[in-house]
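Proteins get letters first, then strands, A, B, ... in listed order; numbering begins at 1 in each. No experiment lies behind these values; they were computed from the predicted model shown.
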Protein chains: 2
Amino acid sequence: MKLSTKGRYGLKAMFDLALHFGSGPVSLAHISERQDISMSYLEQLIATLRKAGLVYSIRGSQGGYELNFSPSEITVGDILEVLEGQLAPVSCVKSNDTEHCSKSGECVTRAVWQQIHDSITDVVDSITLQDMVNDYMPKTNVMINRKEY
Amino acid sequence: MKLSTKGRYGLKAMFDLALHFGSGPVSLAHISERQDISMSYLEQLIATLRKAGLVYSIRGSQGGYELNFSPSEITVGDILEVLEGQLAPVSCVKSNDTEHCSKSGECVTRAVWQQIHDSITDVVDSITLQDMVNDYMPKTNVMINRKEY
DNA sequence: CGAATTCCTAGTTAAGCAGTTGGGATTGAG
DNA sequence: CTCAATCCCAACTGCTTAACTAGGAATTCG
C-alpha cells in the first residue's frame, strides 16, 4: 500500500506551483531545487500533469509552468489519480464488475477493499491545494487576526 | 496504491479459516481450492501469518491450520499489517519522524499522507473477521428472524 | 544569435511480485 | 509399523515496475 514517488513528488511540485500561483511561470529548475527532486525525473511527472490538463506550460526562455486552475479548484485526489492511476487497492473495485465473485470469499473481501477505497477517496478529494497553502502559512492568518495586539 | 496478492489472498485465507472456526484444523489444500489460490504460494503467506501468531498449525495427517483467536478478535488491519508491512502511504508517516521536513513542501505533504493513513487505519481496524462472516451469511439471520413464516 | 527553457524518446538499474520446485519433518489412520 | 497426508523450509525463476538518467530537438525572450 505504498504510494510511489510519482505521487509524492507530484504533489510537492503542484504545491510549489500553488504557492507561486499568479506570479508568472515557474521553471522546473526552481521546483526541482526547492522541492529537492531530480529535474529530469520531474520533467516526466509534470508532462503527465500537463497532458491531464492540471497545468500548462510556457516554452522558451523565461518559460515554465502554471496551474491551469486556481489552487482551490484542484484537489489532492485530482493529482494522485493522474500520477498513480486508480487509487483503488485492488483492480476490481474501480468499475463495479461484480462478475469474478464466483468463489466463496470473493465478494466479502471485495466489500472490504471497497470501504478502504471509499475512505481514501473521501480524504484526498476533500483536500485542495489551497488548503495546503493555508496550512503552510498560518502565521499570516495569525497576524491578520491579532487585532487586539 | 495497489494492494499486492499477499494481502488479498491472505485475507481470503483468513476469512476461510474464520468460516470454519471451531470445526477442527483446515488444510491448505482445502483453502487453496475454495479460495482459488496456488497451494505452494499460499504456504508462504500462511507461514507469515503463523509466525505473526495469527494462526497456529497442526502438523501431520489430518492436520491443518486454525485461527489463534476468535474471528471477532482479529481485524483486517491485523492481517494486512502482517502481510503487506506498514500500510502507511509513505514511509515517514509511520513513526513520527518529523526530521526530514527541511524543504518547503515536506511537512505540508506529510500532513496529507498522515490523513490518508489515518483513514485507512480507521477502516481496516474496524472490520473483524466476524463482521465478514456475518456479511457472508445474511440468509441465516433472515431465516432465524422469520418467525412469522 | 544564444541562453534558457520545455518537449520527447529511449535507455538502465534495482527491487519486488508472484509464483514454482524440490525436498524434509511430523503424525494420524489402517 | 508403515504410509499417506500434511506442514515446513529454502532456493530459484520469470516478469513487471519504479525510479531514475541521457541525449537531443524545438521554442522563445533578450
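- Rounding to the nearest 0.5 angstrom, the gap separating the CD1 atom in B:Ile74 from the CZ atom in B:Phe69 is 6.5 Å.
- Residue A:Thr5 places at least one side-chain N or O closer than 4.0 Å to OP1 or OP2 of D:dA19.
- For B:Ser27, the side chain to side chain donor-acceptor pair (under 3.5 Å) partners two or more places apart in sequence, or in a different chain, are B:His30.
- When rounded to the nearest whole Å, the span between OH of A:Tyr65 and P of C:dT5 equals 12 Å.
- Distance A:Lys51 NZ to C:dT6 P: 15 Å, rounded to the nearest Å.
- As a whole-Å value, the separation of A:Leu45 CG from C:dC8 P is 15 Å.
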**OP:** Spell out protein contact along nucleotides 20-30 of chain C as letters: B when the base is contacted, S when just the sugar-phosphate is, - when no protein heavy atom is under 4.0 Å; keep the 5' to 3' order.
**Re:** BB--BBBBB--
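- Nucleic acid contact class of A:Tyr56 (heavy atoms, under 4.0 Å, all strands): none.
- Close to D:dT17, at under 4.0 Å from its OP1 or OP2, lies no side-chain N or O of A:Ser4.
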Subject >> A:Ser4 vs A:Tyr9, side chain to side chain donor-acceptor pair (under 3.5 Å): CA-CA, chis, key distance, verdict >> reply: CA-CA 9 Å; A:Ser4 72; A:Tyr9 293 175; over 6 Å; no
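- The distance from atom CD of B:Glu84 to atom P of C:dA18 is 8 Å, rounded to the nearest whole Å.
- Put simply, the side chain of B:Met132 reaches to within 4.5 Å of the side chain of B:Val76, judged on heavy atoms.
- Two residues are said to be in side-chain contact when any heavy atoms from C-beta on lie closer than 4.5 Å; A:Leu129 and A:Leu67 meet this criterion.
- Regarding contacts with the backbone of C:dA18, every side-chain N or O of B:Lys6 stays at 4.0 angstrom or more from both OP1 and OP2.
- At whole-Å resolution of the value, CG in A:Leu17 and P in C:dT6 are 11 Å apart.
- With rounding to whole Å, B:Leu42 atom CG is found 11 Å from C:dG19 atom P.
- In this structure, the nucleotide among D:dC20, D:dC9, C:dT6 sitting nearest to the side chain of A:Ser57 is C:dT6.
- Distances were taken from every side-chain heavy atom of A:Ser27 (C-beta onward) to each of D:dC20, C:dT6, C:dC17; the shortest belongs to C:dT6.
- If you take NZ of B:Lys2 and C1' of D:dT17, they are 13 Å apart, rounded to a whole angstrom.
- The residue A:Leu28 sits close only to the backbone: its heavy atoms come under 4.0 Å of sugar-phosphate atoms, none of a base.
- In this structure, A:Arg8 does not reach the D:dA19 phosphate: none of its side-chain N or O atoms is under 4.0 Å from OP1 or OP2.
- In summary, the side chains of A:Thr75 and A:Asp78 do present a donor paired with an acceptor at a separation below 3.5 Å, with no hydrogens or angles considered.
- Between A:His30 atom NE2 and C:dA4 atom P the separation is 12 Å, expressed in whole Å.
- Proximity of A:Arg110 to A:Gln114: side-chain heavy atoms (C-beta onward) are separated by under 4.5 Å at one or more points.
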